[in-house]
Every structure is written in structure tokens, then in C-alpha cells.
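I have placed the structure first, in the form of C-alpha cells, so that the comments after it can refer back to it.
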Amino acid sequence: MKKTPIIILLLLSILLIGAKEKERTYRLTVINKSDMPIGIRLYGTKNTDHLFYLTVQEGSRSVPQTGEFDIPTDIYRMQLYYIQTYDPVYGWECSQPVPNMLGMLRNIRVVVLPCHEVPLTVGEPSMRKYLPYPVFNPFRPHRYWIYRYIY
């Protein structure tokens with residue numbers, strides 16, 4: 001009779017050892033409308049093992065290219081790279097934007113427009129439009145927004 005509780009306890013401990021919580025992931029959808037291929041580098045701030053480099057092929061406003069990625073939950077530093085930064089014919093150069101913060105706490109869509117273009121509308125709550133440079137905040141006239149996404 002004494003062996004039965006010990007065997008049950010042993011089986012339950014073996015089952016609990018194998019039960020590991022899966023890391024939650026969310027879907028990051030990047031919509032490229034920039035007329036050149038882009039690369040996105042993500043650094044995790046809470047977990048430094050989270051490091052991603054994502055690429056999306058060139059798309060246009062009429063035919064955008066989308067890239068869908070499953071990213072673990074974290075707050076990321078997001079650096080956007082326009083892969084083709086110089087036009088040898090016209091001499092047009094696209095400067096690289098500074099890093100932004102991206103909180104992967106739900107499914108997010110990021111729309112990337114051409115290099116020097118500012119979006120006219122804000123979009124939906126789950127969609128962020130990437131801005132190539134800081135936007136002036138009218139409520140804090142002496143500062144710029146830290147996160148340069150439009151919500």
C-alpha cells in the first residue's frame with residue numbers, strides 16, 4: 001500500500017519536469033511601399049537573446065510587398081534599413097532612420113513608405129506607419145516624440 005502513493009508522486013514529478021511553458025509569439029506584418037527593398041533589425045531589450053534581421057522585397061503603393069514574421073514577446077529596438085540607399089543616375093540618397101522602440105505585445109502591422117515621405121493619416125490602432133524622421137509634438141513644444149510611429 002505504501003508503494004502506490006510513491007509511484008503516483010514519481011509519475012507526476014516526471015510529467016511536471018517535461019511541462020515547460022512555451023514562449024508566446026505574435027505576428028509582425030511589414031508592408032513595404034517604399035519602392036526599394038528594406039531590412040529590419042530587432043534587438044530585444046528584456047531578453048538580449050532576441051536578435052532578428054528581417055528582409056522584405058521592394059514594393060510600391062499599387063503593389064505592396066508584405067513580410068509576415070512570428071516574433072517572441074518583448075520590447076524591441078527597431079532599426080530600419082533601406083537596402084538601396086543611393087541612385088547613381090540622379091544622385092538621390094536616402095539616409096538611414098534612427099532606431100525606434102517596438103513593443104511586440106500583440107499582432108502589429110508596420111507600413112514603410114518611401115524614404116522622405118510622411119504619412120497623411122494615422123491608420124488603425126494595430127498598424128504603425130514608420131516615419132523617417134522625428135515629428136514635432138504640439139503638446140511638448142520643446143521636445144520631439146521619442147517613438148516616431150503614428151498610432
Side-chain angles (χ1 to χ4, degrees), residues 12-151:
L12 286 175
S13 63
I14 289 173
L15 288 174
L16 289 176
I17 289 172
K20 183 180 177 185
E21 184 180 346
K22 289 175 57 176
E23 190 172 32
R24 183 151 174 99
T25 61
Y26 289 103
R27 176 66 51 118
L28 173 65
T29 304
V30 180
I31 302 169
N32 186 6
K33 297 181 178 182
S34 67
D35 296 327
M36 62 182 79
I38 59 170
I40 297 173
R41 185 172 53 189
L42 298 175
Y43 292 111
T45 57
K46 293 182 180 178
N47 186 350
T48 56
D49 293 337
H50 292 162
L51 175 64
F52 300 99
Y53 187 79
L54 316 169
T55 58
V56 180
Q57 298 299 318
E58 88 177 69
S60 64
R61 283 191 173 275
S62 59
V63 184
Q65 286 289 335
T66 60
E68 294 184 346
F69 310 98
D70 291 328
I71 307 294
T73 301
D74 202 346
I75 305 294
Y76 291 95
R77 288 184 53 137
M78 178 177 162
Q79 175 70 51
L80 178 76
Y81 297 99
Y82 293 100
I83 306 268
Q84 178 185 350
T85 60
Y86 182 71
D87 185 3
V89 176
Y90 298 106
W92 179 73
E93 184 174 354
C94 183
S95 60
Q96 299 297 339
V98 296
N100 289 302
M101 300 303 283
L102 178 68
M104 284 303 296
L105 305 173
R106 62 180 176 174
N107 294 336
I108 295 177
R109 292 179 292 158
V110 176
V111 177
V112 179
L113 296 175
C115 181
H116 300 291
E117 187 173 325
V118 177
L120 299 175
T121 61
V122 292
E124 303 168 10
S126 67
M127 179 171 49
R128 292 167 169 83
K129 295 183 178 177
Y130 194 86
L131 295 177
Y133 49 84
V135 173
F136 184 68
N137 185 347
F139 300 109
R140 290 186 176 174
H142 60 284
R143 294 186 182 180
Y144 287 95
W145 281 342
I146 297 172
Y147 308 118
R148 294 171 305 137
Y149 295 109
I150 293 181
Y151 291 97

Mind listing the closest non-hydrogen atom pair of F69 and T55 along with its distance?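 In this case the closest contact between F69 and T55 is CZ-O, 3.7 Å.
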
In short, Y82 meets V112 closest at the heavy-atom pair OH-CG1, 3.8 Å

Listed partners of S62 passing side chain to side chain donor-acceptor pair (under 3.5 Å), at least two apart: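 In terms of side chain to side chain donor-acceptor pair (under 3.5 Å), with neighbours along the sequence ignored, S62 is linked to S60.
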
First locate atom [atom1] of [X], then atom [atom2] of [Y], and finally report the distance between them rounded to the nearest 0.5 Å.
X: Y53; Y: I40; atom1: OH; atom2: CD1; result: 9.0 Å
X: I31; Y: Q65; atom1: CD1; atom2: CD; result: 11.5 Å
X: I108; Y: L102; atom1: CD1; atom2: CG; result: 5.0 Å
X: L80; Y: L42; atom1: CG; atom2: CG; result: 10.5 Å
X: F52; Y: M78; atom1: CZ; atom2: CE; result: 13.5 Å
X: L28; Y: Y26; atom1: CG; atom2: OH; result: 13.5 Å

CA sep, side-chain torsions, deciding dist, call: R77, T45, side chain to side chain contact (heavy atoms under 4.5 Å, CB included): CA-CA 7 Å; R77 288 184 53 137; T45 57; 4.1 Å; yes

Kindly indicate, with the supporting measurements, whether the criterion side chain to side chain contact (heavy atoms under 4.5 Å, CB included) is fulfilled by M101 and I75. CA-CA 7 Å; M101 300 303 283; I75 305 294; 3.6 Å; yes

Full working for side chain to side chain contact (heavy atoms under 4.5 Å, CB included) between I71 and Y76: CA-CA 10 Å; I71 307 294; Y76 291 95; 3.3 Å; yes

Where at least one partner belongs to residues 44-59, residue pairs that pass salt bridge (Lys or Arg N to Asp or Glu O under 4.0 Å), sequence neighbours excluded: none

Among pairs that include at least one residue of residues 25-42, which meet salt bridge (Lys or Arg N to Asp or Glu O under 4.0 Å), considering only residues two or more places apart or in two chains?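 Residue pairs with at least one partner in residues 25-42: R27-E68, R27-D70.
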
Backbone of R24 reached by a side-chain donor or acceptor of T73 within 3.5 Å: yes

Would you say the side-chain atoms of N32 pair up with the backbone N or O of Q57, donor to acceptor, closer than 3.5 Å?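 Here the side-chain-to-backbone pair exists.
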
